[in-house]
Amino acid sequence: MGKLSDILSGGGNFFDGWSDIPPADEFGPVPSGIYVARIRRAKLEKCKKKGTPSYSIEFEVVEGAHVGRHIWHPIWLTPDARRQARRDLDKLGITDPATQLEQPLREGIICEFDVTLRTADNGAAYNEVRRFTVIRIDEPPAEPFAPNAETEGNGP
């Protein structure tokens, strides 16, 4: 294990005034409502509890009071959920899931989604995405060193 002084070097004294710093609130679920978010990532996974397969989408809120908050939405990949999976995957442009689900999802997908607040059997509150709609695709910024028509083929 490294030394604290090694990893904090050059950054001033991180702990100056430590006792005067109020701790951050814990993040709980966001209130029910309509949010605008970008899709940060999507991945195949299995539910930890029952092993149910899903394509899990991670949304990051980009507008409003809860900017930066993350909310997850599983698209269940089971026989009983095929129609719902088809609906949601179509929205993402996934028309051939047998091959596309193993590929990275297109960047810049911005969605409007409806979130509700739910309570689990153990009393824990959590968010559930009721529905989402893709409202636009934000093109990623151009790579500053990517070749273009003017520079391509003009090597030394």
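All values reported here derive from a predicted model rather than from experimental measurement.
- In this pair, Trp18 and Phe15 present their aromatic rings perpendicular. The plane angle is above 60°, beyond the 30 to 60° band.
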As a quick check of understanding, evaluate salt bridge (charged side-chain N to carboxylate O under 4.0 Å, His left out) for Glu63 and Arg38, giving each step before the final call. CA-CA 10 Å; Glu63 294 180 9; Arg38 73 179 175 92; over 6 Å; no
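- Every residue was checked against the side-chain hydrogen bond (donor to acceptor under 3.5 Å, both in side chains) condition with Arg130, not counting sequence neighbours, and none meets it.
- In this structure Lys91 satisfies the salt bridge (charged side-chain N to carboxylate O under 4.0 Å, His left out) test together with Asp88, sequence neighbours excluded.
- Summarising the geometry, atom CZ belonging to Arg118 is positioned 11.0 Å from atom CG belonging to Asn127; distances are rounded to the nearest 0.5 Å.
- Between Pro22 and Asp20, the closest heavy-atom pair is CD-O, 3.4 Å.
- Atom CZ of residue Arg131 and atom CZ of residue Arg87 lie 9.0 Å apart, to the nearest 0.5 angstrom.
- Other residues, nucleotides and ligands contribute over 12 non-hydrogen atoms within 6.0 Å of the CG atom of Asn122.
- Among all heavy-atom pairs drawn from His66 and Pro31, the shortest one is NE2-CD, 3.4 Å.
- Thr116 meets the side-chain hydrogen bond (donor to acceptor under 3.5 Å, both in side chains) test with no other residue; sequence neighbours excluded.
- Here Ile110 is tied into one hydrophobic group with Val36, Val62, Ile135, each link being a pair of ILVMFWY side chains closer than 4.5 Å.
- Residues satisfying the side-chain hydrogen bond (donor to acceptor under 3.5 Å, both in side chains) criterion with Glu102, sequence neighbours excluded, are absent altogether.
- Residue pairs meeting the ring-ring contact (aromatic ring centres under 6.0 Å, His included) criterion with at least one partner in residues 84-104, sequence neighbours excluded, are absent.
- Once rounded to the nearest 0.5 Å, the distance linking NZ of Lys46 with OG of Ser54 reads 10.5 Å.
- Chaining together hydrophobic side chains whose heavy atoms lie under 4.5 Å apart places Leu105 alongside Val30, Tyr35, Ile39, Leu44, Tyr55, Ile57, Phe59, Val61, Ile71, Ile75, Leu77, Leu89, Leu92, Ile94, Leu101, Ile109, Phe113, Val115, Val129, Phe132, Val134, Ile137.
- One distance of note links CD of Glu128 with OG1 of Thr119; it measures 11.0 Å at 0.5 Å rounding.
- Residue Trp76 shares its hydrophobic cluster (ILVMFWY side chains chained together at separations under 4.5 Å) with no other residue.
- By the neighbour-count criterion of 12 heavy atoms within 6.0 Å, atom CD of Glu107 is sparsely surrounded, having that number or fewer from other residues, nucleotides or ligands.
- Atom OG of Ser56 is separated from atom NZ of Lys43 by 6.5 Å, given to the nearest 0.5 angstrom.
- Looking at Thr133 and Glu112, their side chains never bring a donor and an acceptor atom within 3.5 Å of each other.
- Counting Ile, Leu, Val, Met, Phe, Trp and Tyr side chains that sit under 4.5 Å apart, directly or through other members, Tyr126 stands alone, with no cluster partners.
- Pairs passing the salt bridge (Lys or Arg N to Asp or Glu O under 4.0 Å) check and including a residue from residues 66-85, sequence neighbours excluded, do not occur.
- Remark: Asp96 pairs with Thr99 by the side-chain hydrogen bond (donor to acceptor under 3.5 Å, both in side chains) rule, at least two apart or across chains.
- Every residue meeting the salt bridge (charged side-chain N to carboxylate O under 4.0 Å, His left out) condition with Glu58, not counting sequence neighbours, appears here in chain and number order: Arg40, Arg41.
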